[in-house]
Number of protein chains: 2
Amino acid sequence: MDSLLEAAAQVLESEGFEKMTTTKVALRAGASVGSLYQYYPSKDALLHALFERKTERLRARFAASLAATEGQGLEARVRALIETLFLEKATRSRLGVELARQAPRLEKERLIERLSEDIHRAVHAVLDAHADEVGVADRELASWLVVHGVVGIADAAMLGPPARLRDPVFISAVTEHVLDALRVARLPSAR
Amino acid sequence: MDSLLEAAAQVLESEGFEKMTTTKVALRAGASVGSLYQYYPSKDALLHALFERKTERLRARFAASLAATEGQGLEARVRALIETLFLEKATRSRLGVELARQAPRLEKERLIERLSEDIHRAVHAVLDAHADEVGVADRELASWLVVHGVVGIADAAMLGPPARLRDPVFISAVTEHVLDALRVARLPSAR
DNA sequence: CTAGAATGTGAATCATCCTTCACGTTCCAC
DNA sequence: GTGGAACGTGAAGGATGATTCACATTCTAG
């Protein structure tokens, strides 16, 4: 059932993995352990499902963000992507952190890698589409660096005040930072 | 004893936290569980000690790296810092990941935050010292973004081939990327 | 209405460690 | 050489928590 999954998400979010017991999850969902095992044959099965839900959602948001800015300028598109990432990281952040913590044990690394590759590819496409504004030589590498750099920034920001990731001023600053790295000094002949 | 700590590091590194039992650690150190508890009164005590060792080392490497490039140019110093970070992330990377995973439970977040603040401050100082080469307005913010951006890049690189973090070509690319963001178009009057 | 299926229940089972402790063994001061 | 302090040992204790299963309860088709 779906309420079981949501209950699992809530317990995981509020108590962390170590204190998330199958009994607590079942009770929170208004069911009993037995029922839980009817739908999810193991505690890990719950986590797998949560993983699915989370990555699905992130994928969808990115796609939507790209679609919504189709045809716009480089800055607008980069900003939209950054905003989307920050927003996703900010929503249920504890849940995200706990899931990430369990990723190795659940062998979800491949899945995560694939996800970040897809994002990388999307960013790469955006850079290519605005090649005239991008001064760096290797756009493939640049997009990889930018994606993971921004993820690192998001992760660090999560540790501070949670509002920061939604602060337009902060988002603008990060966007500018990224664009600075991409545009490079665009003089007729280098240096 | 020190061999106990090293044994703990090895077990943690090769098996991960969930499979790291106190008995295994003791045996690997050539001792018995009882002896282990003589020196480390709990399993967590071992982890605390490992944390200490790891952060101590990182701090020392950074300090050394800064000292070694004292007086050199911006690029050389930035590169040295990046190289140091990558090297540290690459050494015993699994150990580092497992420790980071346990950080919340051990309440080591404050410690980690302090560490990254110190690094942030050091980078900020470097940028200030080379203010003439740095085009961004807010060097404080820029150093924060750079530090966490590079950390994110390092974390992502760790998932790929381990050699990448030690590859001079890769390090150069990241350095350039960072410098591009910092130098910005340095025209007499903006834009 | 009623048999049987589907679904729900939660106490009991089972496995896994961390931790303790009663009992060696080693080492040193005298 | 000897008493006892320091150190070492590993089987047993206890806790915790996932999972099972014998037994309700609810639903549905006929």
Using atom types as modelled and distance alone, determine if a side-chain donor or acceptor of A:S172 lies under 3.5 Å from a backbone N or O of A:P168.
yes
May I ask you to verify if any side-chain N or O of B:T21 is less than 4.0 angstrom from the OP1 or OP2 atom of C:dC17?
no
Give the rounded distance in Å between these two atoms: CE of A:M20 and P of D:dA18.
8 Å
Run through A:H124, A:R121, A:H120 and flag the one making a side chain to side chain donor-acceptor pair (under 3.5 Å) with A:S143.
A:H120
To the nearest angstrom, the OH-C1' distance between B:Y37 and D:dG13 comes to 13 Å
I need the NZ-C1' distance between A:K24 and D:dA18, as an integer number of Å.
14 Å
Tabulate protein N/O versus nucleotide N/O from nucleotides 7-9 of chain C, keeping only pairs under 3.5 Å, one per line.
residue: C:dG8; atom: OP2; partner: A:Y39; partner atom: OH; Å: 3.0
residue: C:dT9; atom: OP2; partner: A:S32; partner atom: N; Å: 2.8
residue: C:dT9; atom: OP2; partner: A:S32; partner atom: OG; Å: 3.1
residue: C:dT9; atom: OP2; partner: A:S35; partner atom: OG; Å: 3.1
residue: C:dT9; atom: O5'; partner: A:S32; partner atom: OG; Å: 3.3

Side-chain donor or acceptor of B:E98 paired with backbone N/O of B:F17 under 3.5 Å:
yes
Quickly work out the A:E18 CD to D:dA18 P distance and round it to whole Å.
11 Å
If the plane angle is over 60° it's perpendicular, under 30° parallel, otherwise tilted; pick one for A:H148 and A:W144.
tilted
Looking at A:E176 and A:R183, is any side-chain nitrogen of the basic one under 4.0 Å from a carboxylate oxygen of the acidic one?
yes
Whether the side chain of A:R77 engages the backbone of A:L66 through a donor-acceptor N/O pair (distance < 3.5 Å, no angle test) should be reported.
yes
In whole Å, what is the span from the NZ atom of B:K43 to the P atom of C:dT20?
15 Å
Starting at CD of A:E15 and ending at P of D:dG17, how long is that distance when rounded to a whole Å?
11 Å
In this structure, how many angstroms lie between the P atom of D:dA11 and the CG atom of B:L27, rounded?
11 Å
